[in-house]
Every structure is written in structure tokens, then in C-alpha cells.
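Protein chains get the first letters and strands the later ones, always in sequence-line order, with residue 1 at the start of each.
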2 protein chains.
Amino acid sequence: MYLKNNIRRLLVYRQCLIKFKELGFEIVYSYNLGCEANVSPEQVRKDFSKFEIKEGRRKAGYKIDHLLESLDTIFKKDKDQNVILVGMGNIGKALSNYKGFAQHKIVICAAFDIDPSKQTKSYKIPVYPVENISMIVKRHNVKIAIIAVPKSGAQEVCDRLIANDIQGIINFSPINLKSPKNVYINNIDLANEMESLIYFTLNK
Amino acid sequence: MYLKNNIRRLLVYRQCLIKFKELGFEIVYSYNLGCEANVSPEQVRKDFSKFEIKEGRRKAGYKIDHLLESLDTIFKKDKDQNVILVGMGNIGKALSNYKGFAQHKIVICAAFDIDPSKQTKSYKIPVYPVENISMIVKRHNVKIAIIAVPKSGAQEVCDRLIANDIQGIINFSPINLKSPKNVYINNIDLANEMESLIYFTLNK
DNA sequence: TTTTTATTGTGACATTATTAACAAAATATA
DNA sequence: TATATTTTGTTAATAATGTCACAATAAAAA
Ligand SMILES: NC(=O)c1ccc[n+]([C@@H]2O[C@H](COP(=O)([O-])OP(=O)(O)OC[C@H]3O[C@@H](n4cnc5c(N)ncnc54)[C@H](O)[C@@H]3O)[C@@H](O)[C@H]2O)c1
Ligand SMILES: NC(=O)c1ccc[n+]([C@@H]2O[C@H](COP(=O)([O-])OP(=O)(O)OC[C@H]3O[C@@H](n4cnc5c(N)ncnc54)[C@H](O)[C@@H]3O)[C@@H](O)[C@H]2O)c1
């Protein structure tokens with residue numbers, strides 16, 4: 001199984017490639033990509049090798065379009081991925097307003113909130129009571145959910161999502177959710193990210 | 001130098017410890033902490049050992065308060081850390097509204113935006129034109145900044161921050177900022193986080 | 001008191017990740 | 001054409017990280 005850092009770097013490479021492409025370039029060397037992505041050229045080649053991306057040509061580098069196609073295959077970018085959002089508060093609103101997900105073929109198709117005043121059509125995406133999760137998940141074939149509720153409600157929300165066959169969760173609440181191990185959870189704890197930054201900044 | 005994962009885990013341990021404490025517990029075993037933090041007990045002990053936290057007692061575990069004190073020392077939680085925010089859009093507003101940072105002794109003391117309509121006192125924190133960064137940084141002894149502007153402006157903002165002696169940056173814009181290596185940068189790319197979650201979910 | 005049990009802290013081992021080295025191949029140059 | 005140069009892909013070497021094993025020892029039980 002490929003590990004988190006590999007995947008992370010591949011995603012960074014993709015962004016760099018898109019940038020290069022927008023700038024009008026057609027080929028890159030591992031050296032260029034490494035510079036832009038802040039890793040060594042050897043690391044770039046090693047990562048490609050691991051994912052069996054071997055379309056580079058000695059002395060002629062890689063065609064950017066080819067690389068992007070390979071990455072799209074790895075990340076299954078052939079069709080949109082529907083995602084639901086639970087908790088239409090500060091973070092929830094920010095995410096639901098974000099236009100950049102479209103480029104990644106990620107579509108937040110609906111949100112859910114327990115606060116009836118949020119259950120309106122006045123946001124960019126419809127906001128339903130949590131009881132409707134089941135219906136929407138089935139209708140839009142949703143496998144992925146975002147938890148953006150206060151930590152007091154996060155485990156309960158998580159349980160409900162899993163009961164509705166959600167397979168992957170991105171969790172913004174600052175607790176470690178309990179879940180069966182076939183459900184993948186990506187915790188994004190922004191306060192801890194800040195702390196970690198502060199730690200490395202002050203101890204460098 | 002301690003590595004990112006160590007620090008990350010320590011921060012997770014702290015959250016778990018706070019939770020245990022709130023539940024009325026006074027001691028923990030590495031086993032309990034491991035369960036809660038989703039790591040092995042050996043990993044917990046190894047992490048403690050590495051940071052010279054050796055106040056456990058065989059068969060009697062660790063006093064939660066002692067552990068929290070040690071962690072506070074490592075993370076210098078004796079005083080507030082002032083932070084500035086550049087870009088008062090979706091993400092910027094969410095962060096500036098968040099009450100949870102206080103618990104971590106993180107204070108977002110001011111925000112900056114190029115849009116004059118945002119430069120008001122109507123938000124929780126004052127929003128200034130970017131020209132004022134220098135003044136505020138000096139006044140509040142700021143070392144850390146958050147970049148929450150569109151990617152087109154991110155490098156320019158980054159350069160300005162560094163010119164004003166900012167030492168650490170948390171960057172929400174989806175590009176790799178160029179910076180001298182004595183400036184620590186923590187990139188949080190939410191779209192990539194989503195993609196990484198989707199990858200692992202669909203390939204598990 | 002003595003024995004048993006549980007738990008820490010760490011050194012040895014295993015695994016994983018990164019870096020370095022280099023042959024093979026493509027291009028450029030003479 | 002032949003030679004020099006550049007860049008890939010992969011193997012080998014090194015470094016980092018995580019797991020295992022266990023002595024030391026505190027607490028509990030006998
Ligand atoms: N805002 C930030 O910048 C920030 C930073 C770090 C962490 N977080 C974490 O992200 C999460 C969301 O933060 P926020 O600032 O957006 O919170 P918020 O209070 O603004 O919004 C939470 C939303 O969730 C809804 N909600 C509460 N319980 C619910 C439930 N059981 N089911 C469905 N909806 C429910 C509320 O009605 C509200 O709309 C929190 O866990 C917070 O700790 C936020
Ligand atoms: N909103 C999200 O959920 C989300 C998700 C993923 C990534 N991001 C990234 O986070 C960043 C911010 O996103 P957002 O949705 O908050 O954007 P936004 O457009 O809502 O807000 C950006 C703010 O930055 C200000 N700004 C622009 N250029 C500036 C400059 N040079 N100096 C100072 N201020 C400037 C704008 O006036 C605006 O207020 C973007 O780079 C975006 O790609 C956001």
C-alpha cells in the first residue's frame with residue numbers, strides 16, 4: 001500500500017505541473033519539478049518509479065500532459081466525486097463557497113446541520129436536516145463526507161455517517177473519532193497545525 | 001531535530017489528555033493514551049522517551065497533570081502567541097471567528113486585506129490594509145502569519161511578510177511558496193487533503 | 001513477607017523512506 | 001559519423017521511523 005507522503009507529493013507535483021502548463025511549458029525535468037515542489041529530483045523520479053510512471057525520456061524529460069494523464073489515472077479523475085458536508089458553520093460555509101474544488105473534480109453536493117435556521121436554500125448548496133443524510137447519500141452515490149461540527153457532536157455525526165455507508169471522512173473537529181478500520185479518516189486539526197508551525201518556527 | 005510526526009503525535013496526546021482530564025481521570029497508561037490517539041502504547045512511550053518525558057511510574061502510569069505540564073513546556077504555552085492573518089475571505093473569516101485557538105494560547109491579533117470594503121472594525125478582529133503589516137508586527141511582536149489569499153497573490157504576500165521579519169507561515173493557498181530556508185512554512189492544501197482522503201478511501 | 005502481576009523505559013531489530021550512485025539511452029556537438 | 005553531455009530509471013547504501021522484546025520495578029495479591 002502506498003503511503004501518505006508519496007500520495008501527498010504526487011498531489012503537489014500535479015499542482016506544479018498545472019502551473020507549468022499554464023505558463024506555457026510542455027516538458028519538465030525531474031529537476032524543475034523538484035525545485036518547484038521543494039523536493040530533490042531523485043525523490044521525484046523515485047516517486048514516479050513507485051507509481052510506475054515511466055514515460056520520461058532520457059535527456060528530453062517528461063511531457064507535462066502525459067504526466068498529468070498518469071496522475072489523473074492514479075487519482076481517478078475521470079468523473080466528479082460527490083461529497084457531503086455536515087455542519088454549516090464557519091468552516092462549513094468556507095468550504096461550501098470554495099470554487100477551487102471543481103478543478104479537482106470534487107463536488108460538495110449537499111450540507112447538513114441540526115440548526116433549523118441553517119436548513120435553507122440560501123447557501124450555494126442546499127442544507128438539510130441530518131435525518132436526510134441517508135436519502136442524499138443514496139441519491140448521489142456519496143462515499144465521502146466532511147465533518148465540520150463542534151467536537152461535542154462529532155462522534156455522533158461520525159457514527160451516523162458510517163451507518164449510512166460513508167467510507168471516508170475528513171474531520172475538522174479536534175478529536176480522534178472512533179471508527180471501524182475500513183473507514184478511512186483524515187483529521188485536519190487546524191489549531192494543532194498552528195501549534196506545530198509555532199513549534200518549528202521557534203525551535204529552528 | 002524532532003520531526004513532524006513526533007510533534008503531531010504529541011499534540012494529539014495533549015488533546016486526549018485534556019479530554020481524559022475533563023472526564024475526571026487523573027492518571028493514564030500508555031495503553032489508554034494509545035487507544036485514544038490511535039497509536040500503539042509503545043509508540044506513546046517512545047515519543048515520551050524521545051522528549052525526555054520520564055515521569056511515568058511502572059504499574060502506576062502517568063499523572064495527567066504532569067504530562068500536560070511537560071507538554072506545555074515543550075510547546076512553550078506560558079504566554080499567548082500573537083499571529084496575523086492575511087486575507088479576510090472565506091477561510092480568513094472562519095479562522096478569525098474560531099474561539100478554540102484561545103485554549104491553545106494562539107491569538108489572531110489582526111487581519112489584513114487589499115479589499116478596502118473588508119478594512120473595517122466590523123469583524124471580531126481589526127482588518128487593515130496590507131501596508132500596515134509592518135506597524136502591527138512590531139507593535140505585537142508577531143512572528144507567525146496565516147496566508148489566506150488567492151494563489152495569485154500568495155507569493156507577493158509571502159515576500160512582504162518575510163520582509164517584515166515573519167518567521168513562520170501557515171499557507172492555505174494551493175501553491176508552494178518560495179522562501180528562504182530559515183522561514184518555516186506549513187502548507188495546508190484542503191483540496192489535496194480531500195483528494196488524499198478520496199484516494200485512500202477508494203483504494204483501501 | 002514473598003510472590004505474582006502490570007507497566008514503564010530503552011536497546012535491539014525490522015521496516016520504510018530518502019539519498020546517492022550509476023548504467024542506459026537520448027540528444028547535442030564536433 | 002563519433003564523442004561528449006544530459007537525464008532517466010533503478011539498484012545499492014544510508015538514514016529515519018516504528019515495532020518488538022525485555023529488564024527493572026512498583027503495586028497488588030498471597
Ligand atoms: N472555524 C475554524 O477556524 C476552526 C479552526 C479549528 C478547528 N475548527 C473545528 O471545526 C469544527 C467546526 O468549526 P466551526 O467554527 O465551523 O463551528 P461553528 O460552531 O461555526 O459551526 C458548527 C455547525 O455545526 C452545526 N452542528 C452542531 N452540532 C451538529 C450535529 N450534531 N449535527 C449537525 N450539525 C451540527 C451547528 O449548527 C453549526 O452550524 C469544530 O469542531 C471546530 O473545533 C474550526
Ligand atoms: N475556502 C476554502 O474552503 C478553501 C479550500 C481550499 C483552498 N483554499 C485556498 O485558501 C485561500 C483563500 O480562500 P478563500 O476561499 O478564503 O478566498 P476568498 O477569495 O474568499 O478570500 C481571499 C481574500 O484575500 C483578499 N486578498 C486577495 N489578494 C490579496 C493580497 N494580495 N493581499 C491581501 N489580501 C488579498 C481578498 O480581498 C479576499 O478577501 C485561497 O488560496 C484558496 O485557494 C480555500
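- More than 12 heavy atoms of other residues, nucleotides or ligands sit less than 6.0 Å from atom NZ of B:Lys178.
- Using the six-membered ring where Trp is involved, A:Tyr184 and B:Phe200 have ring planes that are parallel, under 30° apart on the 30 and 60° scheme.
- In A:Tyr128, the OH atom is crowded: over 12 heavy atoms of neighbouring residues, nucleotides or ligands sit closer than 6.0 Å.
- Taking B:Asn141 as the reference, B:Lys143 meet the side chain to side chain contact (heavy atoms under 4.5 Å, CB included) condition, with sequence neighbours excluded.
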Does the side-chain contact (heavy atoms from CB on, under 4.5 Å) test come out yes or no for A:Glu69 and A:Lys63, once each step is laid out?
CA-CA 10 Å; A:Glu69 272 169 38; A:Lys63 288 216 172 108; over 6 Å; no

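- In this structure, B:Tyr31 places its OH atom where only 12 or fewer heavy-atom neighbours from other residues, nucleotides or ligands lie under 6.0 Å away.
- Taking atom CZ on B:Phe51 and atom P on C:dT10, their separation rounds to 15 Å, with Å as the unit.
- Using a 4.0 Å cut-off, no side-chain N or O of B:Lys46 falls inside it from OP1 or OP2 of D:dC20.
- Rounded to an integer number of Å, the gap from NE2 of A:His66 to P of D:dG9 is 13 Å.
- Heavy atoms of A:Gln43 sit under 4.0 angstrom from primed sugar atoms or phosphate atoms, though from no base atom.
- If you measure from atom CD of B:Glu55 to atom C1' of D:dT25, you get 18 Å, rounded to the nearest angstrom.
- Around the CD atom of B:Glu55, the shell of radius 6.0 Å holds more than 12 heavy atoms that belong to other residues, nucleotides or ligands.
- Remark: P of C:dT16 and CD1 of A:Ile7 are 16 Å apart, rounded to the nearest angstrom.
- To the nearest angstrom, P of C:dA17 lies 13 Å from NZ of A:Lys4.
- In this model, the phosphate group of D:dT11 is not approached by any side-chain N or O of A:Arg45 to a distance below 4.0 Å at OP1 or OP2.
- More than 12 heavy atoms of other residues, nucleotides or ligands lie within 6.0 Å of CD in B:Glu42, so this atom counts as buried by the packing criterion.
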What nitrogen or oxygen pairs link the protein and nucleotides 24-30 of chain C at under 3.5 Å?
residue	atom	partner	partner atom	Å
C:dA24	N3	A:Arg58	NH1	2.5
C:dT27	OP1	A:Arg57	NH2	2.7
C:dT27	O2	A:Lys59	NZ	3.1

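- The only member of A:Gln167, A:Gln81, A:Lys105 that meets side chain to side chain contact (heavy atoms under 4.5 Å, CB included) when paired with B:Ile198 is A:Gln81.
- Checking A:Asn5 against B:Tyr62, the closest nucleotide of DNA chain C that is more toward the 5' end is the one next to B:Tyr62.
- Contact check of residues 17-40 of chain A against DNA chain C (heavy atom, cut-off under 4.0 Å) returns A:Ser40.
- Computed from coordinates, the B:Glu42 CD to D:dA21 P distance equals 10 Å when rounded to whole Å.
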